[in-house]
Amino acid sequence: GLFITASSDAAKRAWFYCRVCHENVRNVEDIKKCSCKKLAKARFEYFQSGQDTNQRNGHGYGAQQREVKDRQLEGLRQRKGVVEDIPEDDGSETAQMRFDGTGCFHWCSGRDMSDCVLTRQEATVTMFAGHIVVAVFAEDDSPTLGLRNLVMPLRASNIPYNDLRHIIIVGNIEFIKREWGLLRNMPKISVMDGSPMSRADLRSVKVNLCGTCVILSAKAPDKAEPVLADKEIIMAALNIKSMNFGANASKLEDEESIVNDSKDNSINHVNILLDLSFASNVRYLDDQEMYITDNIELYKTLPFASGTAMARGVLDSLMSATYFNASALKLLRQWVTGGATIELEKSLAEGAGLRGGYSTPEIEAAKNRIRVEEIVLKDSPWSRYAQFGARFSDLFSAAIREDGTLCLAINRLLDEDIDGNDDPTRVVISCPDNLMTLQPMDNIIAVVQYEEDKEKRD
């Protein structure tokens, strides 16, 4: 397990705790490695060498092998029974493969890129909503970005299939072809040959109704002129912000929602995420940020706090934290990707990509993992804490006690937006203080448990 504590000493105390020796200890600082049982050393030797020794000596090895073979034979019998009930033209083997071989990600049979390409006319008549638009600036010979690393966390198996957001990649079709080999086995992905600067292309993919629009660039930045290094990404973001969707807004809402909606449809609420080469260029995204100097730190700016801009230098702090504590990267990886296995890492390192696996009980059990979600506090079971202005510590304790939910941060609407600003802006308050007062419009970013019943209902 992972202990999230203020220092490594606090985590060691949890590891060294012994019920016999420390049951009556009142001061937690007195918890040290007990001299009677050497608990920590015994655990270490058991997990590192104990099991290997038993296998070398033959104790329990035969039983384990027989158990594995029995599970394989049982899975084979189940698959044969299912195959007999399915017509031959439905694809008997691939029909039972919904996840990769490790069960960590959703999987589909390899698709040819031509089957996933959308023209502008086809995208215009397709009803998209809540999807993700990935706009890429690239030439035919630009170096690959590794779009698989962006798509894989969005296809984690702990997300129910019906909750997966459709991904539309807009960019140079020749460049996307070079990336497609690692994307062909991931479901709900479409490709469109276009330009992130073309308003016609952006309107056709319903950028005004998307959940997030990610703008990337595969072109090498100009290090001699940092101001011009991110000009295309910034211009594309400003272009989207200036678009008016009032005349072409899609009519997906029913009559009741249209009557109750008192806002102007022409207001632009597109959530944009940029990848900047230089953090100082964040000042060009907003008139209020023009005063920023070249030496300003990115985390002190509004675009970073609101989740609009990310810079490549942000990973430097992660590398430093990983050097001093290897569990930091493991924890972040668990939150972002939902976890990964050694088998999957080996397969990806060898260039094999995702390999399909049958829906065995072991694969199905791999879905039961935590995931990070944004919870609307006023619509959650803990809405009472927003109505009466409770403290964050009260919500934290109630959520983890009642539902096993771990609250990480607050996504708060700025005060000026509550007063009637047409362009709502939210900022993320990470690691809130225990005494921080909650507000009615707060959203909570939390680690939630996997809900099997929800997937069955879907």
Side-chain angles (χ1 to χ4, degrees), residues 4 6 130 163 165 208-213 241 253 256-257 260-274 282 285-289 291-292 296-310 314 331-332 335-336 370-449 451 454:
I4 306 176
D163 291 343
R165 296 190 177 188
N208 59 313
L209 299 178
C210 72
T212 304
C213 179
K241 287 184 176 182
E253 301 85 354
E256 181 180 356
S257 63
N260 294 333
D261 189 7
S262 59
K263 296 183 180 180
D264 185 4
N265 287 332
S266 62
I267 298 175
N268 190 325
H269 296 309
V270 181
N271 293 324
I272 303 175
L273 178 59
L274 311 179
V282 73
L285 295 175
D286 198 319
D287 295 339
Q288 299 178 358
E289 306 292 341
Y291 67 91
I292 294 179
I296 191 69
E297 297 181 355
L298 179 63
Y299 71 90
K300 295 181 179 179
T301 63
L302 180 61
F304 178 80
S306 60
T308 300
M310 292 288 292
V314 175
L331 177 62
L332 183 61
W335 287 349
V336 174
I370 60 172
R371 66 176 182 270
V372 178
E373 283 190 357
E374 183 174 353
I375 302 173
V376 180
L377 186 58
K378 64 180 181 179
D379 298 333
S380 69
W382 308 288
S383 59
R384 60 187 183 276
Y385 294 101
Q387 297 174 358
F388 302 105
R391 297 177 300 179
F392 177 78
S393 58
D394 299 332
L395 172 64
F396 184 91
S397 302
I400 199 169
R401 181 177 59 253
E402 298 174 5
D403 197 34
T405 299
L406 179 62
C407 299
L408 302 176
I410 300 175
N411 194 10
R412 174 160 294 178
L413 191 67
L414 293 182
D415 294 337
E416 55 267 24
D417 296 323
I418 298 178
D419 295 337
N421 192 343
D422 291 335
D423 187 13
T425 302
R426 289 184 176 270
V427 295
V428 177
I429 304 175
S430 59
C431 211
D433 187 78
N434 291 335
L435 302 179
M436 177 171 288
T437 304
L438 298 173
Q439 297 181 2
M441 300 301 295
D442 283 346
N443 293 349
I444 304 300
I445 299 175
V447 177
V448 301
Q449 303 291 337
E451 298 179 6
K454 177 180 179 182

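Please read these numbers as outputs of a predicted model, since none were measured by experiment.
When side chains are defined from C-beta on, Q449 counts as touching I370, because their heavy atoms get closer than 4.5 Å. Within the 4.5 Å cutoff, side-chain heavy atoms of R371 are placed close to those of V448.
Residue pairs that meet the salt bridge (Lys or Arg N to Asp or Glu O under 4.0 Å) test with at least one member in residues 395-407, sequence neighbours left out, are R384-E402.
For the residue pair C407 and A446, the shortest heavy atom distance occurs at CA-CB, 3.8 Å. Nearest heavy-atom pair across K378 and P440 is CB-O, 3.8 Å. The two residues F304 and A309 come nearest to each other via the heavy atoms CD1-O, 3.5 Å.
Here S393 pairs with R391, N434 under the side-chain contact (heavy atoms from CB on, under 4.5 Å) rule; sequence neighbours left out. With sequence neighbours excluded, no residue forms a side chain to side chain donor-acceptor pair (under 3.5 Å) with S380. The side-chain contact (heavy atoms from CB on, under 4.5 Å) search around I410 returns F392, R412, I429, P432, M436, L438, D442, I444, not counting sequence neighbours. For E374, the side chain to side chain donor-acceptor pair (under 3.5 Å) criterion is met by N411, N443, not counting sequence neighbours. Scored by the side-chain contact (heavy atoms from CB on, under 4.5 Å) test, L406 finds I4, F396, I400, L408, V447 as partners (sequence neighbours excluded).
Interatomic distance, I375 CD1 to I445 CD1, rounded to the nearest 0.5 Å: 10.0 Å.
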